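Data first, discussion second: the structure below is written as structure tokens.
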Number of protein chains: 2
Amino acid sequence: MAHDIQERIKKLIIDRRLPSGSPLPTEPELMELLGVSRNSVREALKALVAMGIVEIRHGFGTYVGPMSMAPMIEGLAFRTVAGHYRGEDSLLQLLELREAMETGLLARLAGEVPSNDLAELDALVDRMESEAAVGAVTAETDRAFHSTLYRCLRNPLLGEVLEAFWDAFHRVRTDLVDVPPDPKVTCRQHREILDAVRSGDTLRAEQAVREHFGNLRTRLGSPSPRPDQA
Amino acid sequence: MAHDIQERIKKLIIDRRLPSGSPLPTEPELMELLGVSRNSVREALKALVAMGIVEIRHGFGTYVGPMSMAPMIEGLAFRTVAGHYRGEDSLLQLLELREAMETGLLARLAGEVPSNDLAELDALVDRMESEAAVGAVTAETDRAFHSTLYRCLRNPLLGEVLEAFWDAFHRVRTDLVDVPPDPKVTCRQHREILDAVRSGDTLRAEQAVREHFGNLRTRLGSPSPRPDQA
DNA sequence: TAGCTCAGTTGGTTAGAGCAGCTGACTCTT
DNA sequence: AAGAGTCAGCTGCTCTAACCAACTGAGCTA
């Protein structure tokens with residue numbers, strides 16, 4: 001029955017063709033509209049918020065949410081952390097997931113990246129190198145590289161899912177194992193990926209990405225440090 | 001502050017190393033444990049349920065959830081439906097997502113599939129053909145094929161994400177456009193994928209998968225039917 | 001011993017009250 | 001007249017208290 005309320009609110013959004021950011025009925029209005037108590041309305045809304053379908057601004061109103069992949073990041077990160085603490089190789093699984101996606105996309109990418117994107121990627125790798133010279137590569141730079149690389153596919157969903165996987169992986173890695181990669185190797189590998197993509201050599205690009213992930217993978221292969229002995 | 005309650009419950013699961021199915025404190029216990037009212041506890045739990053982190057059984061108790069990708073399916077399906085009704089090519093984007101993942105995985109698959117899995121896949125394509133002879137290929141059979149194909153990668157996360165994307169795509173497709181594919185073509189393409197994988201020819205397998213998705217893609221290319229004019 | 005009944009536990013729902021954040025109009029000062 | 005401060009009103013947030021509904025298990029009955 002609580003689930004039913006959620007469905008009805010979702011139906012309301014669909015039926016009224018409400019885009020992200022549109023105002024939703026207020027809580028009292030929803031109470032009357034759905035014929036349930038305020039409490040039930042709120043529980044349904046909270047669940048929808050957790051899925052990114054609804055956004056609530058205190059003292060202002062409830063709105064159609066951004067429907068981003070943010071909730072997926074949460075769920076995936078939590079699942080990975082929980083699995084890790086139970087001794088599973090959940091982090092490695094997550095890495096393989098990223099690897100599969102990125103290599104799969106690469107085939108459609110080689111030779112198709114517009115020159116301005118290539119220039120931006122060049123700049124990002126340059127930044128990586130200057131960061132590596134003084135310490136470690138910033139997470140933001142790494143993320144930006146992977147994000148910019150696939151932008152030209154003109155598929156927002158793809159980009160968001162990739163970023164979601166990246167975020168989840170990064171969050172869990174820094175929280176749990178944090179074996180910082182060798183910044184120089186990271187730079188070289190990103191440069192190699194970029195060059196391969198520029199040259200339009202699909203196989204070489206795939207190879208470069210695999211090597212990049214292989215590098216991450218070996219560092220996860222070490223016995224996972226468990227916070228304490230259960 | 002409500003968000004804080006969610007985090008504390010998640011932390012409780014992590015700290016106590018609770019596996020899926022473990023009982024959680026009852027609502028009154030959580031009230032006392034977290035120092036908040038029952039209402040707040042319930043809203044937090046509902047949000048966690050929406051993320052698959054918690055499972056509630058009426059009259060029985062609250063438990064650690066399966067942490068499956070089911071919530072992601074919900075969110076993705078809703079997002080796709082909403083986007084579709086707003087005139088975006090969200091369904092096509094979802095299809096591209098699946099295509100990218102499956103082709104990316106295929107490279108690691110060719111020649112690695114154990115013989116018993118191959119036999120199972122053979123049986124599935126046989127079933128497809130008998131189904132095609134009398135009507136259309138069952139969704140369940142198609143799903144089972146894609147699911148079985150990647151089982152040998154021994155990465156549960158991968159399998160679940162693939163199934164999640166499959167589910168979301170299938171649900172939205174049947175709900176919205178439902179242009180049933182030519183069952184014969186579907187069978188032939190699945191057979192081709194299977195043969196290519198069996199032979200260990202990575203490129204041919206990728207080609208086969210691309211053709212399969214290309215088939216689906218062209219059928220989505222037709223102008224999306226909108227239920228009515230806004 | 002088999003089956004039923006009933007009390008106790010758990011979550012589900014409702015109601016009403018007060019708190020907290022934001023907006024916009026009104027008013028007072030400059 | 002222009003600006004800043006204030007206040008009334010919306011909004012969502014939290015709490016308390018009570019009752020309903022589903023399930024379990026102990027005890028009773030046949």
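The figures here come from the full heavy-atom set of this structure, side chains too, leaving out hydrogens, waters and symmetry mates. In this text, all values refer to a predicted model and were calculated from it rather than measured experimentally. Residue numbering restarts at 1 for every chain, and letters A, B, ... go by the order of the sequence lines.
- Interatomic distance, CG of B/Leu94 versus OG1 of B/Thr80, reported as 5.0 Å (0.5 Å rounding).
- Contacts between residues 18-29 of chain B and DNA chain C, defined by a heavy-atom separation below 4.0 Å, involve B/Thr26, B/Glu27, B/Pro28, listed by number.
- Taken residue by residue, residues 48-66 of chain B places heavy atoms nearer than 4.0 Å to DNA chain C at B/Ile56, B/Arg57, B/His58, B/Gly59, B/Phe60, B/Gly61, B/Thr62.
- Every residue two or more places apart in sequence or in another chain was checked for a side chain to side chain donor-acceptor pair (under 3.5 Å) with A/Glu55, and none qualifies.
- Here the range on DNA chain D touched by chain A, meaning any atom under 4.0 Å from one of its heavy atoms, is D/dT11 to D/dT14.
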Checklist entry - Yes or no on side-chain contact (heavy atoms from CB on, under 4.5 Å) for B/Arg79 and A/Leu157, after CA distance, side-chain angles and deciding distance? => result CA-CA 10 Å; B/Arg79 178 200 159 109; A/Leu157 177 65; 3.7 Å; yes

Would you mind writing out the side-chain donor-acceptor pairs for residues 56-69 of chain B within the sub-3.5 Å range, not counting sequence neighbours?
| residue | atom | partner | partner atom | Å |
| --- | --- | --- | --- | --- |
| B/Thr62 | OG1 | B/Pro25 | O | 3.3 |
| B/Ser68 | OG | B/Ala70 | N | 3.1 |

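- Closest non-hydrogen pair, A/His190 versus A/Asp142, comes out as NE2-OD1, 2.9 Å.
- The aromatic rings of A/His146 and A/His212 lie parallel to each other, with less than 30° between the two planes, well short of the 60° mark.
- Put simply, chain A comes within 4.0 Å of DNA chain C, heavy atom to any atom, from C/dT13 to C/dT23, going 5' to 3'.
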Item to check | Verdict with supporting geometry, A/Ile13 and A/Leu24, side-chain contact (heavy atoms from CB on, under 4.5 Å) | outcome: CA-CA 8 Å; A/Ile13 295 175; A/Leu24 250 50; 4.3 Å; yes

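- Here the shortest heavy-atom pairing between B/Ala132 and B/Val137 reads CB-CG2, 4.3 Å.
- Between the side chains of B/Glu120 and B/Asn116, no donor-acceptor pair of N or O atoms lies under 3.5 Å.
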Item to check | A/Phe169 vs A/Leu76, side-chain contact (heavy atoms from CB on, under 4.5 Å): CA-CA, chis, key distance, verdict | outcome: CA-CA 9 Å; A/Phe169 179 78; A/Leu76 207 54; over 6 Å; no

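- Using a 4.5 Å heavy-atom threshold, the side chains of A/Glu102 and A/Leu162 count as touching.
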